[in-house]
Structures are given as C-alpha cells and as structure tokens.
Undergrad: 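Okay, here's the structure, questions in a sec.
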Protein chains: 2
Amino acid sequence: MPDPHDCPGCAAPDLAFAAHDHAHCAHDALNRAEALTAATGARLTPVRRRVLEILLEEHKALGAYDVLSRLAQEGFGNQPPVAYRALEFLVDQGLAHRIQRLNAFTACTHMGEDHAPAFLICRGCHSVAEAAATAARAAVETEAARAGFQVERTTIEALGLCPACRVPA
Amino acid sequence: MPDPHDCPGCAAPDLAFAAHDHAHCAHDALNRAEALTAATGARLTPVRRRVLEILLEEHKALGAYDVLSRLAQEGFGNQPPVAYRALEFLVDQGLAHRIQRLNAFTACTHMGEDHAPAFLICRGCHSVAEAAATAARAAVETEAARAGFQVERTTIEALGLCPACRVPA
DNA sequence: CTATGTATGTAATATCATAACACGTCAACC
DNA sequence: GGTTGACGTGTTATGATATTACATACATAG
C-alpha cells in the first residue's frame, strides 16, 4: 500500500496526463471530498457520492447523460434532474468542474484549494487536466479594467494535444 | 456623414461598451466583411450577409434560434441548419465569434486582424466586448507546456459587469 | 447547355437542460 | 408523540441547442 506521497498523480495533480496510481488518486480525492463536506455541513449523499466516484474513474469529462445512465443502471433515478442536481452540488462545493466547451463535467483535482484553474482538453484522448491560471486571469483582468469592465469569473479552456497524443503511437 | 476616424466605436472597437455611432460602426464592419470575403473568394451570400447584419445590430450575442426566427420572418428558410450554417461560415471567416458560455454568437469587432480575443460578457445588459488576450494566452501556454500539453486554441471568457451596469441607474 | 461544386431548404432526430410537482426522510420544536 | 419545515430524491413534461441526411436550386467552367 503506497504512502500518499508516493503517488505521482497526487503529488502533481495538475498532471492528469502523467502516469499515476489512479485508483489511489481517486480514493484519496473521495476521502478529501468527505472531509470537506463534513467540515461545511454539506451532505455528500449516496447519489452525490456515486456521481463523484463516477467522475473520478477517469480524468475525462462526462456529460450529464453519461452520468445519468450509469446511475440508472445502479438503481438510482433515471431522469435528467437526478444527474444535473448532483453535478450542480459537486460544482457548487468545488468538488467538480463544468467544462463549457464540452458541455460536460470532470472531478476536481485540487479539492479544497479554492482555485480557479484553466482546463487543458486533449482532442485526442479527451482527457482533461487543470493548470494554474493565476497569471492568465490577472492578464485578463488587466485588459478588462482598461475597458472599465469588472470581472467576476473567467473561464479559460485550452484545446490541444496531451503529451501522449502528441506522439502518434 | 462622419469621417471614419470620428467614430469612437471604430476607433476603439474593444470598447463595445463605449457610446458610439453604432449605425456607422455596423455599416463599416459590413463593408470590411465584403472586402475580406471578396479578397479570399469566400461568398458572402444573402443569408450569410443578413445573418452578419443581424449580429451587427447590437453588441450582444444572439442564439442560433434567435437568428433563425429573424431569418424566417424575412423569407429565408426556417430550419435550424439555415442559421447554423451561416453562423459557422461567419465564424470560419473570422467575421463572427461563438461565445461558449452563452451558446450564442456575436459579430467580430476586429475583422481582418487575425486576433484571438478574450470576451467580456456583461451579466447585466448581456453585451459582449472583445479584449486583447495575447498576454493571457501566453500565460496559459506557459502553464500548459509545463504539463507537456500543446495548446491549439484557447477560449477565454470573462463574466462580470460592464461600465454602465456597475453603477445601478 | 450541361456537368460540377457549392449553397440553400427541409424533415427528422439527437443532445443538452430545466420547470414544476409529488413523495420521503429527518431533525427541531411544541 | 405529532407537527412542521427543510432538504433531497424521483418523475413528468417540456424547452433549448445542435446535427444528420437528403432534396433542390443556382452559379460557373467547360
């Protein structure tokens, strides 16, 4: 059983692309989610927990209906609001993110860090990673200020190729 | 009849928020679109031209179905592909942009400049402006490179309040 | 004038998302 | 112990966004 600090995925969670003990990575994330929700009084109910587990299975974004069909197979409700509500909860709690470009959702890899990342979306394997966006956000706000615009939230999504997909086979 | 250089909207087209002679601004943009398409051999047909005119009426983003209903009223086809195809053409030609966050489209305010702007979306009046994003893009690419990710396109959209909507009435 | 490519029109359907309401659970309160 | 109220879940129905596939028109090169 690996010490937490031996897991490259957890040590450098930006790098969803890096090989890592993903089972451990996901398990760790779920524990963190439990702790965070317990701390704030938010309720990580069975549906919500299961949706998070589903999102954690891979570093990819899943559509609400993908999640829903998984839930339905497992005996949860099979109508869209079941999935959308759980996903909305996770996003509100900072446990998942919505990827605008894909109309899809992905588990957060920096739970509890109060971050506002940029997303790196691989058009080859469809994996999604988070990258630091502090500098980019600052640059946007500087430009916005020149127009007198007051930024509240900024979405930054980059489409391209992950390390594995850059080298064909 | 104003000299082109007298139009604040055209002199500083970043500032969709600034008061300007919008009729002139739109007319000028249409002329530029004609010139650009003529130069590349692309055909600015009646539907396409009309869609661009519709987008140019305001500095807001319009949904495909909004555009479509306008077209239908005017005797063009009234099925979704009519609107989506014209919009896709305009986006491909750099004459319009898609705003991911709104599932909507807006006329480009920098036609012919080969730009990749950030969008400033006002949640008060729903106007959309373009802002320079060179620095922000560079920052994203720097971070992406650290993960071995090769960026091809980056979407940057800021939500907030425009100058007019910051001061309530 | 006819073959070709491109644009437009239409029907049908797929995909994504929300409103509105019913029911169940559980804790706080009287 | 029953009542109330908040919250979560489930379901129906519908709305909003987008695409596939095919038919038709139309310009232009040959």
Side-chain angles (χ1 to χ4, degrees), chain A residues 33-34 37-38 40-55 60-93 95-106 121 126 155 157, chain B residues 33-34 37-38 40-55 60-93 95-106 121 126 155 157:
Chain A
E34 299 271 18
T37 50
T40 66
R43 293 167 53 190
L44 191 60
T45 61
V47 204
R48 293 167 175 178
R49 187 192 157 97
R50 186 68 193 117
V51 170
L52 182 55
E53 285 173 358
I54 290 168
L55 293 181
K60 298 193 175 163
L62 285 182
Y65 280 73
D66 296 330
V67 169
L68 178 59
S69 68
R70 299 283 304 270
L71 290 177
Q73 284 170 20
E74 298 171 19
F76 294 99
N78 74 340
Q79 300 302 315
V82 174
Y84 280 103
R85 285 192 290 228
L87 289 165
E88 182 186 29
F89 170 86
L90 296 173
V91 170
D92 286 350
Q93 298 299 313
L95 306 177
H97 299 288
R98 174 170 198 139
I99 309 298
Q100 300 282 351
R101 177 150 214 122
L102 303 176
N103 292 325
F105 301 83
T106 188
I121 306 167
H126 303 111
T155 300
E157 296 178 356
Chain B
E34 299 272 17
T37 51
T40 66
R43 294 167 53 191
L44 191 60
T45 62
V47 204
R48 292 167 177 178
R49 188 191 158 94
R50 187 67 193 116
V51 170
L52 182 54
E53 285 172 359
I54 290 168
L55 293 182
K60 298 192 175 164
L62 285 182
Y65 280 74
D66 296 330
V67 170
L68 179 59
S69 68
R70 299 283 305 269
L71 291 177
Q73 283 170 21
E74 298 171 18
F76 294 99
N78 75 341
Q79 300 301 316
V82 173
Y84 280 104
R85 283 192 292 227
L87 290 164
E88 182 186 29
F89 170 87
L90 296 173
V91 171
D92 286 351
Q93 299 297 314
L95 306 177
H97 299 289
R98 174 172 199 139
I99 310 297
Q100 300 282 351
R101 176 151 214 121
L102 303 176
N103 291 326
F105 301 83
T106 188
I121 307 166
H126 302 111
T155 301
E157 295 178 355

Undergrad: Could you check how far CZ of B/R48 sits from C1' of C/dG9, rounded to whole Å?
TA: 14 Å
Undergrad: Please state how far atom CD in B/E88 lies from atom P in D/dT19, giving the value in whole angstrom units.
TA: 8 Å
Undergrad: Tell me the interatomic distance from A/L87, atom CG, to C/dT18, atom P, rounded to whole angstroms.
TA: 11 Å
Undergrad: So if I take every side-chain heavy atom of A/Y84 and compare against C/dT18, C/dA7, D/dT17, which nucleotide ends up nearest?
TA: C/dT18
Undergrad: Heavy-atom distance under 4.5 Å between the side chains of B/D66 and B/I54, does that happen here?
TA: no
Undergrad: Just do the salt bridge (Lys or Arg N to Asp or Glu O under 4.0 Å) check on B/E88 and B/R85 with the steps written out, would you?
TA: CA-CA 5 Å; B/E88 182 186 29; B/R85 283 192 292 227; over 6 Å; no
Undergrad: With a 4.5 Å heavy-atom cut-off, do A/H126 and A/L102 have their side chains touching?
TA: no
Undergrad: May I have the distance from B/Y65 (atom OH) to C/dC16 (atom P), rounded to whole angstrom?
TA: 14 Å
Undergrad: Closest-nucleotide mapping onto DNA chain C: is A/D66 or B/F89 further toward the 5' terminus? I mean the 5' end.
TA: B/F89
Undergrad: Rounded to whole angstrom units, what separation is found between the CD atom of A/Q100 and the P atom of C/dC16?
TA: 14 Å
Undergrad: Give one of base, sugar-phosphate or nothing for B/R43, where a contact means two heavy atoms less than 4.0 Å apart.
TA: sugar-phosphate
Undergrad: D/dT17 C1' sits how many Å from B/L62 CG, rounded?
TA: 15 Å
Undergrad: Does any part of the side chain of B/L95, heavy atoms only, come nearer than 4.5 Å to the side chain of B/R48, both counted from C-beta?
TA: no
Undergrad: Quick check on contacts: within residues 71-82 of chain A, what sits under 4.0 Å from DNA chain C by heavy-atom distance?
TA: A/P80, A/P81
Undergrad: Rounded to the nearest 0.5 Å, how far apart are CG of A/L71 and CG of A/N78?
TA: 9.5 Å
Undergrad: If you define the side chain from C-beta out and look only at heavy atoms, does anything of A/Y65 sit under 4.5 Å from A/Y84?
TA: yes
Undergrad: Please name the residue in the list A/E157, A/R101, A/Q100 that meets the side-chain hydrogen bond (donor to acceptor under 3.5 Å, both in side chains) test with B/T155.
TA: A/R101
Undergrad: Between D/dT19 atom P and B/L68 atom CG, what is the distance in whole Å?
TA: 14 Å
Undergrad: From the list D/dT17, D/dT9, C/dT8, which nucleotide is the closest neighbour of the side chain of A/R85?
TA: D/dT9
Undergrad: Can you tell me how far C1' of D/dT19 sits from CG of A/N103, to the nearest Å?
TA: 14 Å
